[in-house]
Number of protein chains: 2
Amino acid sequence: MKGYLWTGGDPGSQSTVAPPDNGRLAPYEAIAVEAVGNVIEFWGFKRNQGRVWGLLYLRGEPLTAGEIERELDLSKGGVSMLLRDLERWGVIQRVRVPQDTVWRYAAETDLVRMVTHVVEEREAAFVTRIRADLSEARRLAELAGGVSPERLRKLERMATLAEHVERALRLFIKTSRLDVAGVLGAFRDGALGRKGDR
Amino acid sequence: MKGYLWTGGDPGSQSTVAPPDNGRLAPYEAIAVEAVGNVIEFWGFKRNQGRVWGLLYLRGEPLTAGEIERELDLSKGGVSMLLRDLERWGVIQRVRVPQDTVWRYAAETDLVRMVTHVVEEREAAFVTRIRADLSEARRLAELAGGVSPERLRKLERMATLAEHVERALRLFIKTSRLDVAGVLGAFRDGALGRKGDR
DNA sequence: GGTGCAGTTCACGCGGTCTTGAACTATATG
DNA sequence: CATATAGTTCAAGACCGCGTGAACTGCACC
């Protein structure tokens, strides 16, 4: 995938609103961006991945890597890698302003996709593996002989425990998806926000 | 809290079963213990906390710190701290064999208590904080003026997003508890079915 | 071709976490 | 009281992940 054209507005109009300050965030922006950074770190990602996404989401309009670099005070290389991760996870989009040469990046609206996606991935590669290990242990124990039936039962219990945690995890992912989908829907209905969707 | 008396059997009878090998785990034990270590690490704890609990659970009978130290190849000091953590979380118990002077440690059966407990704790101290930050950001933004209504809406959305993730998390904890308690049917008609309420 | 800028890659260093090992306290025993 | 053993605490070190900054590629424009 190579990115899409951005048709949201001409480059010139941005400067009237966005960068009177190029380099320092407004206080409220800093807080919000930091909050997203914390959430994302909480879920086992890199803090700066969250900060980048938060900035892009808040700004609404696509930013260049250089702008992100300045606003969040990150290194060139770092921004490059962060953007690549975020893009791979599908939570930002790489866009091209018509007659401009630089790439810009825009936030996809559901950050939850990132969380659920990678949580799913972790879960698949991991909890499944745990279950396999535990049943392997049980097999070995039976094979070796001399293991008390009580211990065999314990091994089995651990395996089913893992299985159930796995199941609960799946449920969590599913419901949190529904939940978020529901939230976004509720927004459009005007429950909280005003009218005038973008 | 200081521990409880252990009345599961006299000290002499243990040696006939438990420590023919003092130092190296049986292969199946190693696998199982390691599996628990992985799970626990996955949930954001220390790997060795999981290994200790796994060993205690599998063995069924209380072990001394020294035995744990040998079986899992850990340092004296490390075992001490690990045991203290596990005890504080209520997933192991400190017990005393009648006329013996050393402490022994026994696994509490629900490891899930540890997971849910600390997940709850994290969640309470954290996601709540995030929400506060986000509404603070929104307040500042309104106060500063000149912030587009669109951005205010975005801030609001982020806050409710956090709120809903929080809710989903609580649901997860609750169901995983129910699940482990053996009430498997509980979430069949409960969580998934209700999609009309948002 | 050469200059400049956008973007990528990667070895290194910083910062944080976990573990160790030694010093220390507590407690039982002769 | 002296000694030994169980248990705790903590500074030092091992370890690991992340971000940096420099070297590199690619591309556009002169």
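Every chain is numbered from 1 and lettered A, B, ... according to where its sequence line falls, protein lines coming before strand lines. All values reported here derive from a predicted model rather than from experimental measurement.
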Novice: Find the distance A:Ile68:CD1 to C:dT8:P and express it as a whole number of Å.
Specialist: 11 Å

Novice: Could you give the CZ-to-P distance, from A:Arg47 to C:dG15, as a whole number of Å?
Specialist: 16 Å

Novice: To check you understand the geometry: which heavy-atom pair defines the closest contact between B:Ala141 and B:Leu155, and what is its length?
Specialist: CB-CD1, 3.9 Å

Novice: CZ of B:Phe45 versus C1' of C:dT17: gap in Å, rounded?
Specialist: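 Computing the B:Phe45:CZ to C:dT17:C1' distance gives 16 Å.
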
Novice: Want to settle it: does B:Met81 or B:Thr64 sit nearer the 5' end of DNA chain D, counting the closest nucleotide to each?
Specialist: B:Thr64

Novice: With sequence neighbours excluded, what pairs up with B:Thr64 under the side chain to side chain contact (heavy atoms under 4.5 Å, CB included) test?
Specialist: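 Listed in chain order: B:Glu67, B:Val102, B:Arg104.
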
Novice: I'd like to know if B:Asp133 and B:Arg129 make a salt bridge, using a cut-off of under 4.0 Å between side-chain N and carboxylate O.
Specialist: yes

Novice: Please report, rounded to the nearest Å, how far the C1' atom of C:dT19 is from the NZ atom of B:Lys46.
Specialist: 9 Å

Novice: Which nucleotides of nucleotides 23-30 of chain C have their base under 4.0 Å from a protein heavy atom (B), which only their sugar-phosphate (S), and which neither (-), written as one string 5' to 3'?
Specialist: -----S--

Novice: Rounded to the nearest angstrom, tell me the gap between atom CG in A:Leu86 and atom P in C:dG7.
Specialist: 15 Å

Novice: Check every nucleotide of DNA chain D for an atom under 4.0 Å from a heavy-atom of chain B, then give the first and the last such nucleotide from 5' to 3'.
Specialist: D:dA6 to D:dC10

Novice: Quick one: salt bridge (Lys or Arg N to Asp or Glu O under 4.0 Å) partners of B:Arg139, sequence neighbours excluded?
Specialist: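 If we apply the salt bridge (Lys or Arg N to Asp or Glu O under 4.0 Å) test to B:Arg139, skipping adjacent residues, the hits are B:Glu136.
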
Novice: For B:Arg84, report the nucleic acid contact type (base, sugar-phosphate, nothing); a contact means any heavy atom under 4.0 Å.
Specialist: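 Since only primed, P, OP1 and OP2 atoms lie under 4.0 Å of B:Arg84, the category is sugar-phosphate.
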
Novice: I need the full list of salt bridge (Lys or Arg N to Asp or Glu O under 4.0 Å) pairs touching residues 76-86 of chain A, with sequence neighbours left out, sorted by first then second residue.
Specialist: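 Sorted result for residues 76-86 of chain A: A:Asp85-A:Arg88.
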
Novice: From CD of A:Glu67 over to C1' of C:dG7, roughly how many Å is that when rounded to an integer?
Specialist: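 One finds 15 Å between C1' of C:dG7 and CD of A:Glu67, rounded.
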
Novice: Once ring-ring contact (aromatic ring centres under 6.0 Å, His included) is applied, do any residues pair with A:Tyr105, and if so which ones, sequence neighbours excluded?
Specialist: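 By the ring-ring contact (aromatic ring centres under 6.0 Å, His included) rule, A:Tyr105 matches no residue at all.
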
Novice: Among C:dG7, C:dC10, C:dT19, which nucleotide has an atom closest to any side-chain atom of A:Ser80?
Specialist: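 The closest nucleotide is C:dG7.
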
Novice: Using the ring pair (Phe, Tyr, Trp, His ring centres under 6.0 Å) rule, collect all pairs that involve residues 56-79 of chain B, keeping only residues at least two apart or in two chains.
Specialist: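 Sorted result for residues 56-79 of chain B: B:Trp53-B:Tyr57.
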
Novice: Looking at residues at least two apart in the chain, or sitting in another chain, which of them share a side chain to side chain contact (heavy atoms under 4.5 Å, CB included) with A:Ser148?
Specialist: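 Partners of A:Ser148 under the side chain to side chain contact (heavy atoms under 4.5 Å, CB included) test: A:Glu150, A:Arg151.
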
Novice: Rounding to a whole Å, what distance do you find between A:Asp85:CG and C:dT9:P?
Specialist: 11 Å

Novice: Considering residues at least two apart in sequence or located in another chain, which fulfil the side chain to side chain contact (heavy atoms under 4.5 Å, CB included) criterion with B:Asn48?
Specialist: B:Arg51, B:Leu74, B:Leu82

